[in-house]
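All remarks here apply to the structure that follows.
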Amino acid sequence: MPGCELVDDMIRCANEEDFKAMMSDPVAKIEKLQPLWPDNIAIQCFDPAYFATLPDDLKARLLKCVNSGIENPDSEMGCYACQPSDYDDLKPFFSKVLARYHKVPENARHVNDWNLEGVVGLPEDRMLDLSTLGLPALSIRIRCGRNLKDFPLPGSMSRRDRIRLEEKMMAAFEKLIGMPEYGGRYYSLTRGNPCFIDEAAYRDLVDAHIMFKNMDADRYLTAAGIAADWPQGRGCYVSADKEAIIWVGEEDHLRIMCMQRGTVLNEVLNRLKSMLDVVEGIEGLNFAYSSAYGVVTSCPTNLGTGMRASLHLALPNLTADGTDAKAKAIARPLGLSVRGVGGEHTPIGPNGTVDISPSARFCITEAEIVASLYRGIALLMAEESKASP
Ligand code: DAR
């Protein structure tokens, strides 16, 4: 709900035209929102004085980036990059956003590294085996967002761009189909595509946690333009063993992920890295990188690594009240975020099962993310035991 101040302004406007003028002037709208929504990072980092110095094309690009946070003032981040070079071309804005969200200096530079050799405080053999924490086989998933540098990011893609991206990726998937370790098939949501699947088959893949949910239902992605043309140009590649998956056309051009029910995090990390190397080595596929910020992603929360390493963990004691509030309060200081088992904005699963992942994505290496998941789970399990009735 808008704050009382904004409502007062609406009433005070001399007439409809004044109110429309305020609403049609996005900078005026942002300035109205700034005192009302302190947790909306994009709104808080938007500087009208900086905006005024920009040429018209960069003004339009910056307003496009922050539109989601204007239309959804309850946003936590409130912005998405819409061109691969937005982070570099609009650095005075995005450096503030990144510093505030990731709690890093404004001049921070990201380094990518998948090698656990460089990570301190691990077991002697560097095996991140959850069974050593007394845990059984769990559902482990590690995913990386990637975007092709020769397309606009999803927020600014045309319908034609989305179809072209899907066609380009279907040709690339032929390489994976021919490999025993990744062989599988592509499922398309684009009517008329030779791999098109109907609504029932789509629902089955969503229920199996393989395909992504209906993007039209996400008001943040809709306001950002990322959900536009749904479901055209969207689909997912799935390996025969259903443990290697590539989403096409979700929040990033690609979400490349490996899933496994097991206890050794290294196995999932290594398989994902191998698949990424195969995909990135395919002729014509060039991922968008920034020299300062690493892997370019739509959302600044994912910038740098684009990696989310997660597992499903039963926390019946910490969720005994039926909510994830206590689990979140304990996980947050451990650098962990808690979600429902269906992903962002979904409820807790059976027996208090929740999705746990390190919050950090930026100015942390891929190896350190996976190591922090292992260390965080050990600490969280100790808290779960303490909460035992
Ligand atoms: N809800 C949006 C995005 C938060 C981060 N989650 C992503 N990128 N899926 C917000 O700005 O709060």
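Atoms within a ligand are numbered from 1 in the order they appear, just like the ligands themselves.
When only non-hydrogen protein atoms are considered, atom 11 (O) of ligand 1 lies nearest to G78 N, 2.8 Å. Among all non-hydrogen protein atoms, the one lying nearest atom 4 (C) of ligand 1 is E344 OE2, 4.0 Å. Protein heavy atom at the shortest distance from atom 12 (O) of ligand 1 is E76 N, 2.7 Å. Scanning the protein heavy atoms around atom 8 (N) of ligand 1, the nearest turns out to be E251 OE2, 2.9 Å.
When heavy-atom distances to ligand 1 are checked against a 4.0 Å cut-off, S75 comes that close through both its backbone and its side chain. Of all the heavy atoms of Y80, the ones lying under 4.0 Å from any atom of ligand 1 belong exclusively to the side chain.
Annotation: C79 places no N or O atom under 3.5 Å from an N or O atom of ligand 1; distance criterion only. Among the atoms of C299, none of the N or O lies under 3.5 angstrom from an N or O of ligand 1.
Stacking of K91 on the aromatic ring of Y293 is recorded, both the 6.0 Å distance cut-off and the 45° axial limit being met. Because its NZ or CZ atom is both nearer than 6.0 Å to the ring centre of F51 and within 45° of the ring axis, K59 counts as a cation-pi partner of that residue.
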What do the steps show when you test R61 against D89 for salt bridge (charged side-chain N to carboxylate O under 4.0 Å, His left out), and what is the final call? CA-CA 10 Å; R61 281 170 57 183; D89 295 347; 2.9 Å; yes
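Classified by interplanar angle (parallel below 30°, tilted 30° to 60°, perpendicular above 60°), the ring pair Y87/F94 is tilted.
Other residues, nucleotides and ligands place more than 12 heavy atoms under 6.0 Å from the CZ atom of R126.
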